[in-house]
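In this text the structure is predicted, and so the values were computed from the model without any measurement.
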Amino acid sequence: MAFPVLAAALLALEATGGWGADLRGAERRGAAVQHLFWFFGHPEVYIVALPFFGIISEVIPVFSRKPIFGYNTLVMATLSIAGLS
């Protein structure tokens, strides 16, 4: 994947002091790298989290032998998170 390599290269540039410009005009150094993280890395959190939500919402009702309360709301929230990410 090129995106993690790109982010790692930019972090290395920032650590050595070679990244002084800020792409967004913020006053602190490194804001451009933070923007790159939120743009490229933040959606990966949901790729890991959404299957976990699905597994938990299936395993808990099976072992407790009770239906999960608010299942329809849980499904809509999970689909909304997936759509927004």
Side-chain angles (χ1 to χ4, degrees):
M1 294 185 167
F3 297 132
V5 173
L6 176 62
L10 290 175
L11 284 172
L13 281 173
E14 181 185 10
T16 60
W19 185 266
D22 185 10
L23 298 177
R24 298 275 183 179
E27 294 180 3
R28 64 176 192 227
R29 268 185 81 218
V33 175
Q34 285 181 341
H35 293 306
L36 286 173
F37 165 75
W38 285 111
F39 186 74
F40 293 120
H42 190 65
E44 292 178 9
V45 173
Y46 296 110
I47 293 171
V48 174
L50 287 176
F52 177 74
F53 294 156
I55 290 168
I56 293 302
S57 66
E58 291 295 323
V59 169
I60 289 177
V62 167
F63 285 106
S64 67
R65 295 190 177 132
K66 294 181 181 180
I68 196 164
F69 178 76
Y71 182 77
N72 291 336
T73 306
L74 175 80
V75 169
M76 293 307 295
T78 303
L79 290 174
S80 298
I81 291 170
L84 290 173
S85 68

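- By the rule that hydrophobic residues join a cluster once side-chain heavy atoms approach within less than 4.5 Å of another member, Ile60 and Val75 end up as members of separate clusters.
- In the hydrophobic clustering of this structure, Leu79 groups with Tyr71; members are Ile, Leu, Val, Met, Phe, Trp, Tyr whose side-chain heavy atoms approach within less than 4.5 Å, directly or through other members.
- In terms of hydrophobic clustering, with Ile, Leu, Val, Met, Phe, Trp and Tyr side chains grouped at heavy-atom distances under 4.5 Å, Phe52 and Ile81 are assigned to a common cluster.
- Counting all heavy atoms, side chain and backbone alike, Leu74 lies closest to Ser57 at CD2-CB, 3.3 Å.
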